[in-house]
Peer 1: 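Before I ask anything, here is the structure I am working with.
Worth knowing before you read on, the calculation uses all heavy atoms, side chains too, and leaves out hydrogens, waters and symmetry mates. Here is the naming used below: chain letters follow the sequence lines, and residue numbers restart at 1 for every chain. Note that this is a predicted model, so its numbers are computed, not measured.
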There are 2 protein chains.
Amino acid sequence: MILQHYAPNLSRAAVSCKNCCLSEFCLPTGLNATELEQLINIIHRSPSLPRGKHLFKIGDPIQSLYAVRSGSVKVYVPTEPGEEQVLGFILPGEFLGFDGIEAQHHTCAAVPLETTTVCELPYDRLEELCHALPAVDSRIHKLIGKEITGDHEMLILLGKKTAEERLATFLLSLSVRFKQRGFSERDFNLSMSRHEIGNYLGLAVETVSRIFARFQDEGLISVNRRYVEILAMDELKKLVGDCPMDETCARVREAP
Amino acid sequence: MILQHYAPNLSRAAVSCKNCCLSEFCLPTGLNATELEQLINIIHRSPSLPRGKHLFKIGDPIQSLYAVRSGSVKVYVPTEPGEEQVLGFILPGEFLGFDGIEAQHHTCAAVPLETTTVCELPYDRLEELCHALPAVDSRIHKLIGKEITGDHEMLILLGKKTAEERLATFLLSLSVRFKQRGFSERDFNLSMSRHEIGNYLGLAVETVSRIFARFQDEGLISVNRRYVEILAMDELKKLVGDCPMDETCARVREAP
DNA sequence: CAGGTTTGTTGATCCAGATCAATACAAACG
DNA sequence: CGTTTGTATTGATCTGGATCAACAAACCTG
């Protein structure tokens, strides 16, 4: 997956999209060769970012939109001193930085949970490109739309679901997203702590731990610290109410 | 506020922005005369919509972006049969319909809570306009950004706040929004039921009712059914944790 | 305006999940 | 290799808000 030794005199960015195994989920989807070429010209690839080294903090002026290449990023809002509300975990091929378009500065913070690389799209150049290339503009709109529907699903989770449903939803969301990216949907390592999971799902750490144990007792999963194996996918799906994360809540349209 | 008797041979839409008392919060903000003219050309003004007559339902193909002119609209997702999750209440000068940009169909439903009029911006024509006029595009991006930061504030509310904090936050949010629009910030009528408030805030109806009563006992507010008077604004603000709704969580930027 | 329906209030009880507390375990380090 | 430090599990207890239940007040609608 490390492509730096190819064609070292091409710009690094130029290599990144065309050979990137994530490109089908990422920005390039639906762009033709010319459009892609122009998009590639504005992308920077970040060096490897260590765990804990913030991409941005709350109040920072917005510079760029980011796509995760490898690793994972936690997006959160600091609340009380020493407290935070986790808003999401961003996996490879997913985006962050849409917050703060309104105020021109970030309204949340983003920090890698493990060694992470990202692609960076400077906002000013991206905006020009959006105005020049409708296809890019539409693609960005789609990504923003995904952000909004994702938030809505989270509101349903926090407003309505029980602790068990929340954790089942969370695990299945990860499973689906890993699968889409060519990783195993059945077993994976969590890059976030129990504390962070609980915070994200509106639960106490102890509750997360207990429900992991319960799921294990019931034979749904097998957990060892951060390593999770899903043993009974269907049973787990049954636990989730409607609207599993990251799936469209398709519904028969009622006649008006 | 009803302007229909002015200049009856101008197009209704042309009248609507230039004389509309909401225009400073609405789309036209920051547009010059030429841009405004073009924007006005694509706007339709809806007839008066009665309470309960949906603007759109889940699964409907997306047609338009809507701005509320008068009245109020509930946005919600149907969950279990007979159940719903309220995502927001849209007041005059505010927008709805950003959901479903991703999937090209709506992922939630919108219904007036009272007699309501809206301005309708057909997506296809709006998109063309966005590509032609960067200023309009930027304005739309800002509105979408507001949608996202608003959702984030809701996630904090549902993830962290107590019932009292939730209701105080809700009342102050309405107060601020009414004030911005030239209405009283101290007293107003709620267009939504206790049930809908509870659903929105992740609380049972009974809890909402009880906390209204408690706030009244403590002299913070006076409530009679849907009519609310805020008696001690400062006290109410103290009850809200950080991040009151609809205010930017401005924070001193930490050095990196 | 009687009778039904929807909406809101208030009281009594219950429970899911928080909080408190103690222990276990793993990685990090001198 | 013991010690420290952060992270995870497990048990015991507590509580905010849900749920259940009864009633009251407004608003239909014929």
Side-chain angles (χ1 to χ4, degrees), chain A residues 50-52 74 79-80 82-86 111 113-115 157-171 189-218 221-228 239 241, chain B residues 50-52 74 79-80 82-86 111 113-115 157-171 189-218 221-228 239 241:
Chain A
R51 171 183 162 80
K74 171 177 76 171
T79 51
E80 321 283 301
E83 275 297 296
E84 64 185 36
Q85 173 67 47
V86 174
V111 64
L113 289 170
E114 60 196 308
T115 305
L157 181 140
L158 292 175
K160 285 250 171 337
K161 296 192 180 184
T162 66
E164 281 201 355
E165 287 166 349
R166 291 180 197 198
L167 206 61
T169 306
F170 176 69
L171 289 174
N189 274 291
L190 303 171
S191 58
M192 65 295 286
S193 68
R194 299 285 188 274
H195 185 84
E196 287 163 331
I197 296 171
N199 186 305
Y200 177 55
L201 298 176
L203 300 171
V205 205
E206 296 93 329
T207 307
V208 175
S209 209
R210 266 184 259 271
I211 292 175
F212 267 128
R214 197 183 306 165
F215 282 175
Q216 181 154 251
D217 289 348
E218 290 165 349
I221 62 171
S222 145
V223 225
N224 189 286
R225 298 224 121 206
R226 304 240 173 146
Y227 177 70
V228 178
L239 278 184
Chain B
R51 171 184 162 79
K74 173 178 76 171
T79 50
E80 321 283 300
E83 277 296 297
E84 65 186 34
Q85 173 67 47
V86 175
V111 66
L113 289 170
E114 59 196 310
T115 305
L157 181 140
L158 293 174
K160 285 249 170 336
K161 296 191 179 185
T162 65
E164 281 202 355
E165 288 167 348
R166 291 181 198 198
L167 207 61
T169 305
F170 176 69
L171 289 173
N189 274 291
L190 303 172
S191 59
M192 65 294 287
S193 68
R194 299 285 189 273
H195 185 84
E196 286 162 331
I197 296 171
N199 185 307
Y200 177 55
L201 299 176
L203 301 171
V205 206
E206 294 93 327
T207 307
V208 174
S209 208
R210 267 184 258 270
I211 291 176
F212 267 127
R214 198 183 304 166
F215 282 175
Q216 181 154 250
D217 289 349
E218 291 165 349
I221 62 171
S222 145
V223 226
N224 189 287
R225 298 225 120 205
R226 304 233 173 155
Y227 178 69
V228 178
L239 278 184

Peer 1: Go through the steps for A:Gln85 and A:Asn199 under the test side-chain contact (heavy atoms from CB on, under 4.5 Å), then give the verdict.
Peer 2: CA-CA 6 Å; A:Gln85 173 67 47; A:Asn199 186 305; 3.7 Å; yes
Peer 1: Nearest whole angstrom, please: distance from the P of C:dG17 to the CG of A:Leu157.
Peer 2: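 Interatomic distance, CG of A:Leu157 to P of C:dG17: 12 Å.
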Peer 1: Give the rounded distance in Å between these two atoms: CG of B:Leu167 and P of C:dG8.
Peer 2: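 In whole Å, C:dG8 P and B:Leu167 CG are 13 Å from each other.
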Peer 1: For B:Arg166 and B:Leu201, indicate whether the former's side chain and the latter's backbone hold a donor-acceptor pair under 3.5 Å.
Peer 2: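 Side chain of B:Arg166 to backbone of B:Leu201, a donor-acceptor pair under 3.5 Å: yes, one is there.
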Peer 1: Taking the basic N atoms (NZ, or NE/NH1/NH2) and the acidic carboxylate oxygens, is any pair closer than 4.0 Å for A:Glu164 and A:Arg214?
Peer 2: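 Looking at A:Arg214 together with A:Glu164, the answer is yes, because their closest N to O distance falls below 4.0 Å.
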Peer 1: CD of A:Glu206 versus P of D:dT7: gap in Å, rounded?
Peer 2: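 The answer, rounded to whole Å, is 14 Å.
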Peer 1: Please test A:Arg226 against A:Ser191 for side-chain contact (heavy atoms from CB on, under 4.5 Å), starting from the C-alpha separation and ending with a verdict.
Peer 2: CA-CA 7 Å; A:Arg226 304 240 173 146; A:Ser191 58; 5.6 Å; no
Peer 1: How long is the line joining NZ of A:Lys161 and C1' of C:dA16, in whole Å?
Peer 2: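 Interatomic distance, NZ of A:Lys161 to C1' of C:dA16: 17 Å.
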Peer 1: Please check the phosphate of C:dA18 (OP1 and OP2 only) for any side-chain N or O of A:Thr207 closer than 4.0 Å.
Peer 2: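 True: A:Thr207 side-chain N/O within range (under 4.0 Å) of C:dA18 OP1/OP2.
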Peer 1: Of the nucleotides D:dT10, D:dT19, D:dA18, which has the atom closest to the B:Leu203 side chain?
Peer 2: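 Among D:dT10, D:dT19, D:dA18, the one nearest the side chain of B:Leu203 is D:dA18.
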Peer 1: Quiz question: going by heavy-atom distance under 3.5 Å, is there a donor-acceptor pair between the base of D:dG11 and the side chain of A:Arg210?
Peer 2: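 Pair found.
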Peer 1: Check whether any side-chain nitrogen or oxygen of B:Arg226 sits under 4.0 Å from OP1 or OP2 of D:dA26, and answer yes or no.
Peer 2: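 No, because none of the side-chain N or O atoms of B:Arg226 sits under 4.0 Å from OP1 or OP2 of D:dA26.
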Peer 1: Within this structure, what is the CZ-to-C1' distance between A:Arg51 and D:dG6, rounded to whole angstrom?
Peer 2: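 Rounding to the nearest Å, CZ of A:Arg51 and C1' of D:dG6 are 10 Å apart.
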Peer 1: What nucleotide, of C:dG17, D:dA25, C:dA21, holds the atom closest to the side chain of A:Thr162?
Peer 2: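 Output: C:dG17.
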Peer 1: Would you mind classifying the nucleic acid contact of B:Gly198 as base, sugar-phosphate or nothing, using non-hydrogen atoms under 4.0 angstrom?
Peer 2: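 Contact class for B:Gly198: none.
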Peer 1: To the nearest Å, give me how far apart CZ (A:Phe212) and P (D:dT7) are.
Peer 2: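 Between P of D:dT7 and CZ of A:Phe212: 16 Å.
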Peer 1: Nearest-Å distance, CD1 (A:Ile211) to P (D:dA8)?
Peer 2: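 In whole Å, D:dA8 P lies 16 Å from A:Ile211 CD1.
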Peer 1: Taking CZ from B:Arg225 and C1' from D:dA24, how many angstroms apart are they, rounded to a whole number?
Peer 2: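 For the pair B:Arg225 CZ and D:dA24 C1', the rounded distance is 9 Å.
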Peer 1: Ignoring backbone atoms, test whether A:Arg194 places a side-chain nitrogen or oxygen under 4.0 Å from the OP1 or OP2 oxygen of D:dT9.
Peer 2: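 Yes, such a contact exists.
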Peer 1: May I ask you to say whether B:Glu84 pairs ionically with B:Lys74, meaning some side-chain N is under 4.0 Å from a carboxylate O?
Peer 2: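 Here B:Glu84 pairs with B:Lys74 in a salt bridge, since their nearest N and O are under 4.0 Å apart.
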Peer 1: Would you indicate what A:Ser193 reaches in the nucleic acid, counting non-hydrogen atoms under 4.0 angstrom: base, sugar-phosphate, or nothing?
Peer 2: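 The residue A:Ser193 makes sugar-phosphate contact but no base contact.
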